[in-house]
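Heads up: the structure comes next, in structure tokens.
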Amino acid sequence: MTAARTRVQDAALVTFDERRTAPATEVSGPPGLHVQLTRPRADLTVLTAAGDIDSSNVGELAGLLWPALLVEHTSIVLDFTAVTFLGVAGLELLSAANTYAPHRGLRIVLIAGQPAVERAVRAGSPDLALDRAPHLAACTAITPPARMLTA
């Protein structure tokens, strides 16, 4: 591993590329879910998930999503193209994150990919109005919304 240095921190694998690109954080939970957080640009965070998202492992996804919502000042893309099942707990997480994001001036964009995920989002949470994109390359022009002001 001459091009990258790796260290383990808080049960997450963090890889730093020596070209000074942003670190990629991976968390592997129980079998069935793999999540990774990357920052391909300074104004874009991508959270990629693969496998099943349900109540037994939604905490792994939340563990990467909430810190990004609290710290980052970017748009967040949820790349769920490899998600094979999205349960109620996952829908609740998406709904809560999507409700909170505009208060931070963030936009969340979902790339669903799998028909099972599309069906779950449509059927499970009709009030969940996530922005959508067909693939990650379509997210290059995403700009965050203006920050909401509350009195």
Side-chain angles (χ1 to χ4, degrees), residues 8-16 21-151:
V8 175
Q9 177 182 17
D10 298 328
L13 176 66
V14 181
T15 304
F16 295 93
T21 58
T25 304
E26 295 183 40
V27 176
S28 293
L33 181 65
H34 176 80
V35 292
Q36 179 179 12
L37 185 73
T38 57
R39 292 198 59 199
R41 299 187 330 226
D43 62 341
L44 183 65
T45 299
V46 178
L47 194 151
T48 305
D52 295 346
I53 299 173
D54 58 26
S55 60
S56 71
N57 59 21
V58 73
E60 301 295 329
L61 183 63
L64 290 179
L65 179 57
W66 282 113
L69 285 167
L70 296 172
V71 175
E72 305 296 332
H73 298 284
T74 65
S75 294
I76 299 174
V77 174
L78 302 174
D79 184 355
F80 282 13
T81 54
V83 171
T84 53
F85 174 79
L86 181 60
V88 173
L91 289 171
E92 289 173 345
L93 174 64
L94 294 181
S95 180
N98 196 49
T99 299
Y100 180 73
H103 296 284
R104 297 277 302 159
L106 301 172
R107 173 169 287 144
I108 296 178
V109 178
L110 175 66
I111 305 171
Q114 300 290 331
V117 174
E118 285 289 349
R119 280 193 304 273
V121 171
R122 279 194 311 271
S125 188
D127 61 331
L128 183 59
L130 283 167
D131 290 332
R132 304 291 181 85
H135 46 76
L136 190 56
C139 298
T140 58
I142 293 175
T143 56
R147 212 175 242 182
M148 294 178 79
L149 300 177
T150 57

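These values consider heavy atoms only, across backbone and side chains, with no hydrogens, waters or symmetry-generated copies.
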Please report the interatomic distance [atom1]([X]) to [atom2]([Y]), rounded to the nearest 0.5 Å.
X    : Y    : atom1 : atom2 : value
L106 : I76  : CG    : CD1   : 5.0 Å
D79  : L136 : CG    : CG    : 6.0 Å
L78  : D131 : CG    : CG    : 11.0 Å
L94  : F80  : CG    : CZ    : 5.0 Å

Next on the checklist: Looking at every heavy atom in both A49 and V83, which two are closest together, and how far apart are they?
Outcome noted: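 Nearest pair, atom of A49 first, then V83: O-CG2, 3.5 Å.
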Next on the checklist: On a heavy-atom basis, which atom in T45 and which in R39 lie closest, and how many Å separate them?
Outcome noted: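 Minimum heavy-atom contact is OG1-NE, 3.7 Å.
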Next on the checklist: Please enumerate all residues that pass side-chain contact (heavy atoms from CB on, under 4.5 Å) together with V58, with sequence neighbours excluded.
Outcome noted: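 By the side-chain contact (heavy atoms from CB on, under 4.5 Å) rule, V58 matches I53, A89, L93.
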Item to check | Pairing residues for F85 by the side-chain contact (heavy atoms from CB on, under 4.5 Å) criterion, not counting sequence neighbours | outcome: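 Checked F85 against side-chain contact (heavy atoms from CB on, under 4.5 Å); matches are D52, D54.
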Item to check | Close side-chain approach of L47 to L61, heavy-atom, < 4.5 Å | outcome: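 When only atoms from C-beta onward are counted, L61 and L47 do touch, with a gap below 4.5 Å.
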Next on the checklist: For S95, is there any backbone N or O sitting under 3.5 Å from a side-chain donor or acceptor partner on T99?
Outcome noted: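 Yes, because the side chain of T99 sits within donor-acceptor range (under 3.5 Å) of the backbone of S95.
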For residues 108-119, which side-chain N or O atoms pair as donor and acceptor with protein atoms under 3.5 Å away, sequence neighbours left out?
unit_1	atom_1	unit_2	atom_2	d
Q114	NE2	T81	O	3.1
E118	OE1	R132	NH1	2.6
E118	OE2	R132	NH1	3.2

